[in-house]
Amino acid sequence: MYRLAQRFQLHGWVQNTSDGVQMEVEGNRDAIDSFLHALAGTPPPFAHIEELAVAELEPVGEIGFTILHSVGEDGRFVLVSPDLATCDECRRDFSDPENRRFGYPFTNCTNCGPRYTIVRDIPYDRHKTTMAAFRMCPACQAEYDDPAGRRFHAQPNACGVCGPSLILEPGGRAGSSAEIISEAQRLLAAGQILAIKGLGGFHLACDAENDAAVRQLRERKRRSDKPFGLMAPDLPTIERFCFVSDADREALSSVERPIVILPRRVPSPISSVVAPGNNTLGVMLPYTPLHHLLFEGAAYHVLVMTSGNMSEEPIVIRNDEARERLGHIANTFLFHNRDIYMRADDSVVRTFEDQPRVLRRSRGYAPLPIDLGSEMTEVLACGAGLKNTFCLTKGRYALLSQHIGDLENYETLQFFHETLEQMKRLFRVKPRVAAYDLHPGYLSTRFALELDGLEKIGVQHHHAHIASCMAENHLSGKVIGVAFDGTGYGTDGQIWGGEFLIADLADFQRRAHFRYVPLAGGDQAIREPWRAALSYLMETFDTERPWLDLPLGREIAAKKLEFVETMIRRRVNTVQTSSCGRLFDAVASILSLRHEVSYEGQAAIELEMAACEGVDDFYPFEIEDGEPWQVDMRPAIRNIVDHLRRGVPAGVISARFHNTVAAAVTEVCGRLRQAEKLNRVCLSGGTFQNVYLLTHALAGLRRNGFEVFLHSRVPPNDGGVSLGQAVIASRKAECAQ
Ligand code: ZN
Ligand code: ZN
Ligand code: FE
């Protein structure tokens with residue numbers, strides 16, 4: 001603003017307030033017009049102008065242009081920037097031997113660097129960040145005070161003289177940044193596992209081409225198959241082991257610098273242990289100076305950079321916490337002494353139809369709001385159980401938390417609490433309503449129900465999925481909602497997951513679903529897809545026991561099969577489920593692709609990977625009338641077993657099965673359109689992360705003239721549920737008034 005005001009010779013002042021930026025400019029009319037034009041047309045890099053409000057005042061004879069001290073006002077709301085990847089100019093600074101920041105791993109400016117992860121409160125000023133501990137040297141202070149420069153009021157501004165520094169442990173290997181980084185490089189090249197403190201938390205890093213190192217990391221982290229994220233120094237390196245489209249290139253290089261899921265090349269130098277049995281890899285580019293420097297002149301090409309945590313716990317942010325919780329995983333710690341205030345994992349996106357689709361929304365995206373287009377009641381939506389996020393509404397904004405994780409242990413629940421407190425304070429939200437999932441076992445649900453003084457509104461899981469898709473696409477009125485996922489508690493107490501709804505933001509009707517099957521063994525049924533296979537086979541073949549001559553019957557112990565068979569027949573410890581996830585599990589196990597999983601969705605992912613291209617036909621299925629209609633997949637299961645016996649390759653069967661589910665989507669939506677005269681379809685739920693299914697369902701719907709809406713900024717999986725809960729609860733609270 002200051003620079004612009006100078007350029008157009010305007011007088012007045014500008015001020016950061018907790019309500020946004022305020023300013024007065026005085027000068028001749030043309031100059032003011034040009035100023036406003038330049039401001040709206042060419043804002044600073046990465047600046048979003050949410051709204052530009054202009055009012056005319058009587059001239060008061062201002063002289064000069066001043067930047068006033070920031071003011072904070074209680075109850076006022078201001079946006080906070082997400083963390084920004086290192087900009088090109090800063091990269092030049094620390095790469096230039098003549099520059100005073102040569103090799104300095106914490107270089108940043110107003111266009112890049114840490115933000116959300118270091119902010120304690122607003123307005124965003126240095127003393128309210130974790131940089132408060134560092135006093136700027138005269139050179140940095142001069143930059144900070146110089147309105148003409150790139151570091152003018154850059155709150156985390158620092159250099160090697162005054163700013164944060166690196167520490168290598170054990171051995172107290174203090175030294176210059178250059179010495180420490182080259183030692184870290186040497187250790188990584190020698191196959192060691194390093195815990196590296198980053199922007200939103202620690203990474204565990206090792207050479208991605210070193211099988212033994214990656215294997216050791218898996219064993220120590222107790223993570224058997226779930227893919228590890230990778231970091232490579234530049235796009236050409238990534239293109240050596242992955243296929244990268246233009247949209248992928250853009251997503252990889254974006255200022256958010258997410259992990260991008262890319263199809264992998266075969267063969268490739270990347271260790272097969274990085275993502276066992278997966279035909280994609282998650283890759284990101286460096287986003288801090290330290291990352292860039294770690295690749296400078298290194299002997300390795302690509303690093304595994306996985307979250308620094310034990311299996312499902314939150315990412316570690318403090319040095320002492322790292323020693324305690326990562327000590328048995330990492331050989332060496334690469335610490336620094338700038339505190340991380342907010343935890344934020346790496347975000348994950350996948351491009352589809354040339355657009356990035358966020359699958360895990362965290363660093364780089366949070367806490368940017370989703371504009372809902374109209375004012376909402378202040379709501380706290382507590383989210384689902386797995387892949388939890390929560391959502392606060394303020395004015396017309398939905399403030400979605402960063403990815404919290406699976407609310408299944410104390411540590412993750414603490415992360416939920418600390419983030420909620422921080423966001424309520426930062427954004428001055430005092431929720432009047434708490435929204436929760438109907439699942440009585442979710443810790444998020446229990447948390448919501450225990451809150452004092454708030455109105456409680458329960459929201460059905462799949463309604464929330466559809467509302468979340470509607471909210472990010474700014475839809476109102478009624479839509480056909482197709483919500484496919486693994487688990488969601490139904491209004492009838494059963495486990496839903498293959499749902500066709502007629503929904504708006506206030507209410508929904510369940511008009512069709514996959515026919516219920518009895519599933520034995522609660523959570524164990526999710527870890528052991530062969531149980532779902534048994535359920536589907538028994539439902540389809542009654543007493544024939546077809547598994548006896550299928551691979552399944554040989555690969556699972558007869559005793560276990562008999563035991564679960566009896567449970568299902570007697571309905572002991574069983575639930576009725578319409579879950580789409582369990583249907584995919586069943587088919588994956590019948591095809592002998594996977595009987596047990598070590599992470600959520602593994603069987604479905606492997607079933608998708610098996611599907612071969614160029615198969616267009618599908619298996620029969622039936623739609624039984626009734627309220628709701630039931631989509632009966634037993635004819636498909638019967639055909640799959642028949643094909644398997646006749647030696648049809650699993651890849652062909654898998655493709656036909658996917659086509660069958662896609663055909664069911666088109667068929668049911670067609671019937672609903674006839675009944676309801678609705679033409680808009682929202683697709684949501686974790687199952688739609690399946691690109692084969694999504695592609696074919698979308699093609700079928702579009703061929704039939706439907707207008708289809710997908711997710712892009714919010715995950716289709718349970719990470720998006722809190723947004724849906726928030727808009728539904730807000731609507732319901734308004735209706736009740
Ligand atoms: Zn910069
Ligand atoms: Zn300095
Ligand atoms: Fe879900």
Side-chain angles (χ1 to χ4, degrees), residues 44-46 81 83-95 99-102 104-115 126 131 134-145 149-152 154-165 255 257 287-289 292 359 383-389 406 437-439 442 444 459-469 481-490 495-499 501 526 577-582 600-601 604 683-689 711 714-725:
F46 316 129
S81 169
D83 301 285
L84 306 166
T86 302
C87 75
D88 291 343
E89 285 170 288
C90 281
R91 241 191 116 176
R92 274 197 287 279
D93 286 349
F94 64 76
S95 307
N99 191 289
R100 71 186 189 92
R101 285 193 177 80
F102 179 60
Y104 182 58
F106 302 93
T107 304
N108 66 78
C109 72
T110 46
N111 299 330
C112 75
R115 298 287 188 276
R126 187 177 179 102
M131 282 299 292
F134 301 93
R135 202 194 162 86
M136 274 184 276
C137 69
C140 285
Q141 187 68 50
E143 292 169 328
Y144 185 90
D145 293 332
R150 205 171 89 244
R151 295 198 167 90
F152 177 57
Q155 306 304 344
N157 188 29
C159 75
V161 174
C162 65
S165 52
V255 65
R257 285 290 198 288
Y287 54 83
T288 69
H292 286 288
L359 302 181
L386 300 180
K387 298 187 163 67
N388 177 275
T389 61
D406 298 348
D437 193 279
L438 299 180
H439 199 306
Y442 286 168
S444 53
V459 178
Q460 200 281 322
H461 187 91
H462 302 96
H463 185 207
H465 271 305
I466 297 306
S468 141
C469 183
V482 184
F484 284 180
D485 64 2
T487 302
Y489 202 80
I495 300 300
W496 296 7
E499 310 304 313
L501 314 178
I526 296 172
T577 187
S578 55
S579 163
C580 193
R582 297 298 84 75
E600 197 207 358
L683 301 181
S684 188
T687 302
F688 286 109
Q689 293 171 108
H711 286 279
V714 175
N717 58 48
D718 284 5
V721 160
S722 63
L723 173 63
Q725 290 174 342

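If you're wondering where the values come from, they're calculated on a predicted model, not measured in any experiment. Remember, it's 1-based here, ligands and their atoms both numbered in the order they're listed. This chain uses plain numbering: 1 for the first residue, then up along the sequence.
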>> To the nearest 0.5 Å, what is the distance between OG on Ser579 and CG on Asp485?
In response: 6.5 Å

>> I'd like to know if the side chain of Ser444 and the backbone of Gly383 have a donor-acceptor N/O pair within less than 3.5 Å.
In response: yes

> Looking from the Zn ion (ligand 1), what is the angle between SG on Cys112 and SG on Cys90, to the nearest 10°?
Replying inline: 100°

>> With respect to the Fe ion (ligand 3), please indicate if His461 possesses an N, O or S atom at a distance under 2.8 Å.
In response: yes

> Where does the angle between the aromatic ring planes of Phe688 and Phe484 fall among parallel (under 30°), tilted (30 to 60°) and perpendicular (over 60°)?
Replying inline: parallel

>> Can you tell me which N/O/S atom of Asp485 has the shortest distance to the Fe ion (ligand 3)?
In response: OD2

> Would you call the rings of His462 and Trp496 parallel, tilted or perpendicular if under 30° counts as parallel and over 60° as perpendicular?
Replying inline: parallel

>> As a test of reading the structure, name the N/O/S atom of Asp718 that is nearest the Fe ion (ligand 3).
In response: OD1

>> Need one value: angle at the Zn ion (ligand 2), Cys137 atom SG versus Cys159 atom SG, rounded to 10 degrees.
In response: 100°

>> Let me confirm one number: the OG1-CZ distance from Thr107 to Arg91, rounded to the nearest 0.5 Å.
In response: 12.0 Å

> In His465, which N, O or S atom comes closest to the Fe ion (ligand 3)?
Replying inline: NE2

